[in-house]
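Computed from heavy atoms alone, side chains included, the values below leave out hydrogens, waters and symmetry copies. Counting starts at 1 for both ligands and their atoms, in listed order.
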Amino acid sequence: MIETIYIEDNIQQHPRVQEITARFPAARRIVCGRYGEVFNPKAQNFRLQKQKPALILAEKYKNFTLETPKGYGIGAKENYYFSHILNCLYDCRYCFLQGMYQSANYVLFVNYEDFQDDIRRICESHPKDDIHFFSGYDCDSLALEPVTGFAEQFLPFFGSLPNAWLELRTKSTQTRSLTSREPLPRCIVAFSLSPNEIANKVEDKAPSLERRLDAIKKLQQHGWQIGLRFDPLIYQTGYQQQYQQLFEQVFAFIDLKQLHSVSLGVFRLPESFYKKIHALYPDELLFASPLEHQNGMVSYQKELEQEMMQYCTEQLLGYIPSQKFFPCMN
Ligand code: SF4
């Protein structure tokens with residue numbers, strides 16, 4: 001799957017680099033200075049690169065964890081996110097990464113221990129507070145697990161911190177690192193879900209809804225807490241019926257005791273990202289919807305947005321208590 005691997009010169013001997021490169025013996029290896037030399041140049045085509053992304057193995061030096069944007073809506077008083085990878089195996093047309101990065105190549109930061117030191121430092125500086133850490137903001141948390149061993153390395157680490165919560169945001173079915181160990185009481189495996197009629201059009205390469213539901217079932221059976229993320233809600237004719245069926249399908253087997261939270265939010269993108277993505281995919285039907293530009297963001301027209309949120313909120317609150325519900329309004 002990986003044909004080219006760029007490796008930062010100073011980490012060539014890093015054990016994680018050796019382990020990962022050994023998995024791809026046929027891949028072309030190119031040594032580079034800093035990953036930005038490959039990842040940041042402007043004259044790159046994200047859409048073309050997405051067909052065959054290279055893997056860039058790099059070291060991160062700062063900003064291991066960042067505070068979540070204000071009004072993130074879910075989590076505790078103190079919320080942080082972190083990304084061991086930039087970019088994703090999947091190709092969702094609404095994904096903001098296409099607008100944020102010049103390159104579709106995957107950057108994997110191999111110095112996990114430095115991320116962990118930073119996370120530990122934050123937890124120790126607020127010993128009386130629960131601190132939530134979100135993974136899967138600039139990537140999918142689990143999609144590349146067989147290559148990265150991320151969950152395998154970070155789950156025991158998070159288990160050793162008394163006040164840290166971890167949310168693994170994913171669409172992936174790569175859950176073996178989780179089902180092969182005892183569940184962590186302060187870890188939420190949060191799946192993004194869309195109706196089949198929508199996912200088939202805009203979530204290229206991601207596992208089907210059925211496979212994601214199957215992964216959720218298995219995790220739940222193993223005792224893991226589940227999060228459900230109906231975000232972004234995507235508009236198309238007949239969306240009410242499609243989301244109604246989706247909720248029916250999901251809540252037919254969800255055990256409420258193991259359901260940590262459900263969040264809901266409509267499609268939205270920062271304006272600059274939207275412009276870039278629209279230029280990459282000018283014929284994409286997603287962007288032919290009734291969109292509105294407001295306060296630097298692009299989303300559905302206010303009335304439509306409110307109608308969708310209201311409809312889905314009413315449906316969801318028929319299944320779950322309001323304390324587990326986290327709507328995200330623009
Ligand atoms: S799964 Fe998430 S990170 Fe990956 S392409 Fe889709 S929206 Fe982007």
Original post:
Among all residues two or more places apart in sequence or in another chain, which pass the salt bridge (charged side-chain N to carboxylate O under 4.0 Å, His left out) test with E182?
Top reply: none
Subject >> Axial cation check for F253 ring with K217, 6.0 Å and 45° limits >> reply: yes
**OP:** With side chain to side chain donor-acceptor pair (under 3.5 Å) as the test, would you mind laying out the steps for E59 and Y35 before giving the verdict?
**Re:** CA-CA 8 Å; E59 185 176 17; Y35 79 90; over 6 Å; no
**OP:** Work out how many protein N, O or S atoms lie closer to atom 6 (Fe) of ligand 1 than 2.8 Å.
**Re:** 1
**OP:** Starting from the C-alpha separation in whole Å, work towards a yes-or-no answer on salt bridge (charged side-chain N to carboxylate O under 4.0 Å, His left out) for K52 and E3.
**Re:** CA-CA 8 Å; K52 229 174 250 180; E3 291 181 8; 3.8 Å; yes
**OP:** Could you please spell out the steps behind the side-chain contact (heavy atoms from CB on, under 4.5 Å) verdict for R212 and L193?
**Re:** CA-CA 8 Å; R212 282 181 237 175; L193 300 172; 4.0 Å; yes
Subject >> cation_pi(R93, Y281) dist<6.0 Å, angle<=45 >> reply: yes
